[in-house]
Amino acid sequence: MPSPYRALFAAPGSKGFSAAGFLGRMPLSMMGIGVVTMVSQLTGRYGLAGALSATIALAAALCGPQVSRLVDQYGQRRVLRPATLVSLAAAAGLLLAAHSRWPDWVLFVCCAGIGCVPSLGAMVRARWAALYRGTPQLHTAYSFESVVDEVCFIFGPIISIGLSTAWFPEAGPLLAACFLAAGVFWLTAQRATEPAPHPRDRGSGGSALRSKGLQVFVGTFVATGAIFGSVDVVTVAFAEEEGHKAAASLVLAVYAAGSCVAGMVFGLLRFAGPPARRWLLGVCAMAVSMIPPLLVGNLPSLAVALFVAGLSIAPTMITTMSLIEEHVPRAQLTEGMTWVSTGLAVGVALGSAAGGWVIDAAGASAGYGVPAVAGAVALAVGFLGFRRLERPAAGRGGIVEQHSERERQERHLA
């Protein structure tokens with residue numbers, strides 16, 4: 001039987017925009033850690049480095065949904081290129097300011113400008129939705145993109161840190177900026193697969209966040225982002241306490257690999273029943289999977305625990321993207337997807353800060369209590385908002401249900 005993933009790329013243009021999206025998404029995992037590595041090497045000030053990285057994340061959280069809203073209205077090409085040029089100019093300013101030892105406020109201004117970077121993951125998923133809306137292939141497409149996300153997070157930090165430490169301090173952020181420029185301009189050059197814009201009347205504006213279902217997703221993924229952010233920080237501290245700080249990157253890569261494997265398998269499966277229940281089950285699995293890291297006593301057992309924890313991430317993210325397509329108007333799909341990424345980014349910043357505070361107060365082992373609490377919060381929000389997820393937006397149905405309705409109509413016409 002042919003692979004569903006191979007069949008996915010039978011659509012004209014799908015290979016091109018997916019490859020461009022992969023290239024343009026690499027900076028997501030490279031820029032922040034690259035800035036930390038660059039600034040710490042140039043100045044030795046880890047506090048400043050962390051603050052600058054947080055500024056990029058928070059600026060992206062603020063600007064990302066606004067950029068995506070404009071994309072929904074005016075199209076990817078007209079919006080992404082100017083936004084990317086702003087981000088690239090800010091990145092160039094940051095590299096120059098850091099190398100020339102300019103005042104700290106200049107660095108912060110430049111990092112805020114880098115936050116104009118568009119959400120390439122949402123752009124690519126919007127193209128898949130335009131190709132396969134209402135068919136089971138969209139589930140496979142979202143699964144593939146979730147795997148691509150994990151691959152970026154496995155290799156991006158390794159490349160960025162490696163270049164900045166082995167070549168010159170600015171090398172990691174510089175390569176991230178090059179990837180962003182190449183990915184965005186390659187993607188926007190592919191006009192045939194670009195989703196049609198949806199201009200809005202003066203009285204029909206408003207944010208996609210007005211959707212009650214989307215509010216549940218964003219709230220849940222703020223807590224989920226806190227899991228990710230705290231796990232990163234606490235794992236580095238735990239590895240340092242064990243005397244093998246360099247091994248932290250390998251342990252975190254295993255965490256991402258678990259999600260990658262689960263995403264690949266999940267994309268091959270077909271499910272019956274309401275996707276909202278699968279989503280809640282995934283959130284529950286993420287919460288429960290944060291308990292074993294509290295009990296481990298060494299790095300090998302931690303790696304095993306985090307690999308198992310990673311197995312629930314990609315399936316939950318994939319189901320979330322499918323549900324967003326149900327709960328957000330089609331004219332606001334890109335913005336809706338970006339809001340989930342924004343929730344994750346805010347959560348990562350909060351989780352990193354909370355994890356660092358607990359580590360300083362009680363040690364690295366106690367730090368794993370932060371992702372455990374964040375998981376419990378995510379589950380509570382999911383349960384409290386579950387009723388909202390059982391009522392899709394008017395005129396929208398589940399992917400499989402839409403496909404079944406299409407088949408019934410074709411049989412009737414035949």
Side-chain angles (χ1 to χ4, degrees), residues 20-22 24-32 35 52-91 109-127 129 145-146 148-149 152-153 156 176-177 179-181 183-184 187-188 195 197-198 205-211 214-215 217-222 224-226 228-229 317 320-321 324-325 328 331-352:
F22 169 71
R25 256 180 291 182
M26 286 295 289
L28 183 64
S29 62
M30 292 178 64
M31 185 61 78
V35 168
L52 292 172
S53 178
T55 299
I56 295 175
L58 293 176
L62 290 172
C63 297
Q66 313 312 319
V67 172
S68 294
R69 183 187 299 182
L70 293 174
V71 166
D72 283 328
Q73 293 183 60
Y74 302 108
Q76 293 186 0
R77 182 185 179 93
R78 291 181 61 187
V79 176
L80 295 189
R81 290 190 172 187
T84 300
L85 288 176
V86 172
S87 185
L88 292 174
V109 170
C110 292
C111 285
I114 292 174
C116 289
V117 59
S119 176
L120 265 291
M123 305 304 157
V124 173
R125 286 180 172 91
R127 292 192 180 221
E145 292 304 322
S146 182
V148 171
D149 286 338
C152 290
F153 277 96
F179 279 155
L180 175 63
V184 169
L187 178 69
T188 53
H198 298 273
S207 172
L209 199 55
R210 293 183 302 173
S211 163
L214 183 59
Q215 293 169 9
F217 298 135
V218 173
T220 302
F221 278 91
V222 169
T224 301
F228 301 157
M317 291 297 299
T320 300
M321 293 303 170
I324 288 173
E325 225 231 329
V328 174
Q332 297 177 305
L333 179 60
T334 309
E335 182 192 347
M337 291 179 176
T338 305
W339 271 114
V340 171
S341 301
T342 294
L344 280 172
V346 172
V348 167
L350 295 174
S352 298

Point to revise | Side chains of R25 and F179 in contact at under 4.5 Å (non-hydrogen atoms) | key: no
Check your understanding: Just how far is it from atom CG of L28 to atom CG of D149, taken to the nearest 0.5 Å?
Key -> 7.5 Å
Exercise for review: Can you measure from CZ (R69) to CH2 (W339) and round to the nearest 0.5 angstrom?
Suggested key: 7.5 Å
Exercise for review: Return the set of residues passing side chain to side chain donor-acceptor pair (under 3.5 Å) with T338 (not counting sequence neighbours), or none when no residue passes.
Suggested key: S68
Review point. How close do V79 and V67 get, heavy atom to heavy atom, and via which atoms?
Key: CG1-O, 3.7 Å
**Study point:** Side-chain heavy atoms of T342 within contact of V218, under 4.5 Å
**Key:** no
Practice item. Report the residues that fulfil side-chain contact (heavy atoms from CB on, under 4.5 Å) with C63, sequence neighbours left out, ordered by chain and then residue number. Key: C116
Study note, to complete from the structure: Smallest heavy-atom separation, C111 atom then A59 atom, equals O-CB, 4.3 Å
Exercise for review: Indicate yes or no for a side-chain donor-acceptor contact from S87 to the backbone of I114 under 3.5 Å, with no hydrogens or angles considered.
Suggested key: yes
Check your understanding: Does the side chain of M123 reach to within under 4.5 Å of the side chain of V184, using non-hydrogen atoms?
Key -> no
Exercise for review: Sequence neighbours left out, what pairs pass salt bridge (Lys or Arg N to Asp or Glu O under 4.0 Å) with at least one residue falling in residues 52-68?
Suggested key: none
Point to revise | Heavy-atom pair of closest approach, residues G113 and A90 | key: C-CB, 3.5 Å
Review point. Do Q73 and R78 have side chains that get closer than 4.5 Å, going by heavy atoms?
Key: no
Revision key, fill the gap. Across all chains, not counting sequence neighbours, the side chain to side chain donor-acceptor pair (under 3.5 Å) partners of R127 are Q76, T193
**Study point:** For L350, side-chain contact (heavy atoms from CB on, under 4.5 Å) partners two or more places apart
**Key:** V222, V346
Practice item. Compare every heavy atom of R125 with every heavy atom of S146, then report the nearest pair and how far apart it is. Key: N-NH2, 3.6 Å
Exercise for review: Not counting sequence neighbours, list each pair that qualifies as a salt bridge (Lys or Arg N to Asp or Glu O under 4.0 Å) and has a residue in residues 79-88.
Suggested key: none
Check your understanding: Got a second to check how far F217's CZ is from M321's CE, nearest 0.5 Å?
Key -> 10.0 Å
Exercise for review: Find out whether V117 and T84 are in side-chain contact, i.e. whether some heavy atom of one side chain is under 4.5 Å from a heavy atom of the other.
Suggested key: no
Point to revise | Separation between OG1 of T320 and CZ of F221, rounded to the nearest 0.5 Å | key: 3.5 Å
Exercise for review: Looking only at non-hydrogen atoms, find the nearest pair between R77 and T188 and report the distance.
Suggested key: NH1-O, 3.1 Å
